[in-house]
Structures are given as structure tokens and as C-alpha cells.
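Here's the structure, in C-alpha cells; my notes come after.
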Amino acid sequence: MHNMMEPEKNPKIYVAASVAPEYRSVVNELVRRLREKGWDVYAPLEHTVENAWDWPNDEWGLQVFRMDVDAINACDVVVVLSWGRRGTTAGTSWEHGYAYGVDKRILFVEMNNSEQSLMCANGRYATVRGIDEAVDYPFRDMWNGSSVFRTKTPQT
């Protein structure tokens, strides 16, 4: 994998993370700080479906799904925030797996010391710990093979 060509301009970043209320402030902080550094960031929690309350739940869900899949397809890098094997949502893990399957560069961000899914921990280009390391990550280096980082977090 990882034969994708280097983007001609700054990579577009998709942030895959839980939209649960307890995580929103951290996700919003990451998005804000990445944008302050000049990155083009797509954050699903910022987007809404027009007239969402007029749609049946399954139709609304399909629209959200399509919007996010289109955004993953259009991005260069997916930043995955993981709160461990038990704390990361199914939606985030799905976005991560899909991004890996369509050959996107993935920065896996461990948000705590929790055990990680071996599939998620290894289905990535690099792993960092926390928001500060994610913001400071050298995204443009993802195309020259020089910036692969790993952690020693337990995996099962």
C-alpha cells in the first residue's frame, strides 16, 4: 500500500474521531490548531445535512455516510483519534479501515494509554501520542517514507 502520489499542495486532512459530547472539545481543539498551522481540514462533526429534521433517520444517516465517504476519498491524510480498543467508536474505526483500504495516509493518534486494537494500531502510516504530537506531525513527510513513528502501547 501507500503508492499514492504526493499532493501538489498541502495535504487535505480528514479528522476521524467520535462525535460524542465528551470528546468534542478535544476534536475541536485539534481541528482549530491544525487550521492555525495552515492545513485544509475536514471535520465531520462540523457538517450538517440540510433540512436534517425533515428526513427519516435512515435517509439522514445515508446522507451523512455519503458526505463523509466523499470527504475521505477527497483527502490525502486521515487523522484518527483513538481512545483505545474500548473507547473508540465503531464509526471512527470504520472510517479508519475504509481510509486504509483506499490507500490514504493515516496518522493514528493515541489519546490515552489504553490497549489498542491490533488492526487499528497497525493499519496506519504513523502513530503519535496526543493532540500536541498530532499538530506538530510533519504531514508533508508522509510521501518520502522518513517519518514513520510507532509507540509501544499494548495491542490485542
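The structure presented is a predicted model; accordingly, all values stated were derived computationally and were not measured.
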How far does OG1 of Thr92 sit from OH of Tyr23, to the nearest 0.5 angstrom? 9.0 Å

Minimal non-hydrogen separation, Leu30 against Ala134, with atom names: CD1-CB, 4.0 Å

Are the side chains of Val69 and Asn73 in contact, using a 4.5 Å heavy-atom criterion? yes

Separation between CZ of Arg33 and CG of Asn28, rounded to the nearest 0.5 Å: 13.0 Å

Can you confirm whether Asp40 sits close enough to Asn10 that some side-chain heavy atom of one is under 4.5 Å from a side-chain heavy atom of the other? no

Going through the checks in order, is the side chain to side chain contact (heavy atoms under 4.5 Å, CB included) test met by Arg66 and Gln63? CA-CA 5 Å; Arg66 287 178 175 159; Gln63 289 183 47; 5.9 Å; no

Can you tell me how far the CG atom of Asp54 sits from the CD atom of Glu59, to the nearest 0.5 Å? 12.5 Å

Could you tell me the separation between the CZ atom of Arg105 and the CZ atom of Phe139, rounded to the nearest 0.5 Å? 13.0 Å

Val128 side chain near Leu107 side chain, heavy-atom distance below 4.5 Å: yes

More than 12 heavy atoms from other groups under 6.0 Å of CE on Met67: yes

Minimum heavy-atom separation for Leu118 to Arg85, with atom names? N-NH1, 4.3 Å

First locate atom NZ of Lys104, then atom CG of Asp76, and finally report the distance between them rounded to the nearest 0.5 Å. 6.5 Å

Can you list the steps and then say if Tyr14 with Asp68 is a side chain to side chain contact (heavy atoms under 4.5 Å, CB included)? CA-CA 9 Å; Tyr14 180 103; Asp68 291 351; 3.4 Å; yes

Quick check: are there more than 12 heavy atoms from other residues, nucleotides or ligands sitting under 6.0 Å from CH2 of Trp60? no

Nearest heavy-atom approach of Leu34 to Val15 is CD1-CG2, 4.4 Å

Of the non-hydrogen atoms in Val27 and Ala17, which two are nearest, and what is the gap between them? CG2-CB, 3.5 Å

Determine whether Met111 and Ile131 make a side-chain contact, defined as any pair of heavy atoms from C-beta on separated by less than 4.5 Å. yes

Donor-acceptor pair, His96 side chain versus Gly123 backbone, under 3.5 Å? yes

CA sep, side-chain torsions, deciding dist, call: Val19, Arg24, side chain to side chain contact (heavy atoms under 4.5 Å, CB included): CA-CA 6 Å; Val19 297; Arg24 285 186 185 195; 4.2 Å; yes

Shortest non-hydrogen contact from Ala74 toward Lys12: O-CD, 3.6 Å

Separation of Tyr137 OH from Thr127 OG1 (nearest 0.5 Å): 9.0 Å

Arg124 and Val80, any side-chain heavy atoms less than 4.5 Å apart: no

Test side chain to side chain contact (heavy atoms under 4.5 Å, CB included) applied to Arg32 and Glu36, step by step: CA-CA 6 Å; Arg32 177 184 56 78; Glu36 285 173 357; 2.9 Å; yes

Parallel, tilted or perpendicular: ring planes of Tyr98 versus Trp94, cut at 30 and 60 degrees: parallel

Minimal non-hydrogen separation, Gly84 against Thr88, with atom names: O-OG1, 2.9 Å

Identify the residue among Glu115, Arg129, Gln116 that makes a side chain to side chain donor-acceptor pair (under 3.5 Å) with Thr153. Arg129

Can you spot which of Val41, Val109, Ile106 makes a side chain to side chain contact (heavy atoms under 4.5 Å, CB included) with Val79? Val109

Answer whether the closest heavy-atom distance between the side chains of His47 and Val64 falls below 4.5 Å. no

